[in-house]
Chemist: 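The following block contains the structure, expressed as structure tokens.
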Amino acid sequence: MQQLDMLSRNSDPVTSRLAARELLESGALDTQRSFVYNVLSQNEGLTSRELAALVGGDKHEERACFSRRLPDLKNLGLAKQGEPRLCTSCNRTCVTWYLAEGIYND
């Protein structure tokens, strides 16, 4: 599966496809993946919201970044989901995240 197809579906509006292409071509996708991978490597066993809360910044932007890039890392064999548990950030049951056996090389 091509990276562009991982980021947007053929049924998405053309603007989504353009945004995905820009994310790839600008290098922002690799930057975000590397950032999320590094945060996860120091904080395994947390939910995506808990990981996002650790880094500060805009709460919604960080949450979106982690909730999108963690599945990317999983699809690349670099992260895996753990057991669900009550998330301390949202009081809902959420999956936890861990590093997989792979090593991130951007």
Chemist: Quick check on the hydrophobic clustering: are Val95 and Leu73 connected, directly or via other members, by side-chain heavy-atom contacts under 4.5 Å?
Modeler: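 Yes, one cluster joins them.
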Chemist: Side chains of Leu46 and Arg85, heavy atoms from C-beta outward: is any pair under 4.5 Å?
Modeler: yes
Chemist: Grab the two heavy atoms, one from Ser89 and one from Ala53, that are nearest each other, plus how far apart they are.
Modeler: OG-CB, 4.2 Å
Chemist: Quick one: does Glu50's side chain get under 4.5 Å of Trp97's, heavy atoms only?
Modeler: no
Chemist: So, for Cys94 and Cys87, which heavy atoms are closest and what is the spacing to 0.1 Å?
Modeler: SG-CB, 3.8 Å
Chemist: Would you say that Arg49 contacts Arg92 through its side chain, given a criterion of any heavy-atom pair below 4.5 Å between the two side chains?
Modeler: yes
Chemist: Quick one: CG on Leu23 to CG on Leu18, what's the gap to the nearest 0.5 Å?
Modeler: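 So the CG of Leu23 and the CG of Leu18 are separated by 12.5 Å.
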Chemist: Any chain of hydrophobic side-chain contacts (each under 4.5 Å) joining Leu40 to Tyr98?
Modeler: no
Chemist: Are the side chains of Arg69 and Leu29 in touch, meaning some heavy atoms are under 4.5 Å apart?
Modeler: yes
Chemist: Looking at side-chain heavy atoms only, is the closest gap between Leu99 and Tyr37 below 4.5 Å?
Modeler: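 Side chain of Leu99 against side chain of Tyr37, heavy atoms only: contact under 4.5 Å found.
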Chemist: So do the side chains of Val36 and Asp72 get within less than 4.5 Å of each other, counting heavy atoms only?
Modeler: no
Chemist: For residues Arg33 and Leu78, determine if any side-chain heavy atom of one lies less than 4.5 Å from a side-chain heavy atom of the other.
Modeler: no
Chemist: Should Leu54 and Gln42 count as side-chain neighbours, where that means a heavy-atom distance under 4.5 Å?
Modeler: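 No, too far: nothing below the 4.5 Å cut-off.
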Chemist: Distance check, rounded to the nearest 0.5 Å: Asn75 atom CG versus Leu70 atom CG?
Modeler: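 Asn75 atom CG to Leu70 atom CG measures 11.0 Å (nearest 0.5 Å).
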Chemist: Report the distance from atom CD of Gln81 to atom OG of Ser48, rounding to the nearest 0.5 Å.
Modeler: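 Answer rounded to 0.5 Å: 9.5 Å.
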Chemist: How many angstroms lie between atom CD of Gln32 and atom CZ of Phe66, to the nearest 0.5 angstrom?
Modeler: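 Between Gln32 CD and Phe66 CZ, I get 10.0 Å after rounding to 0.5 Å.
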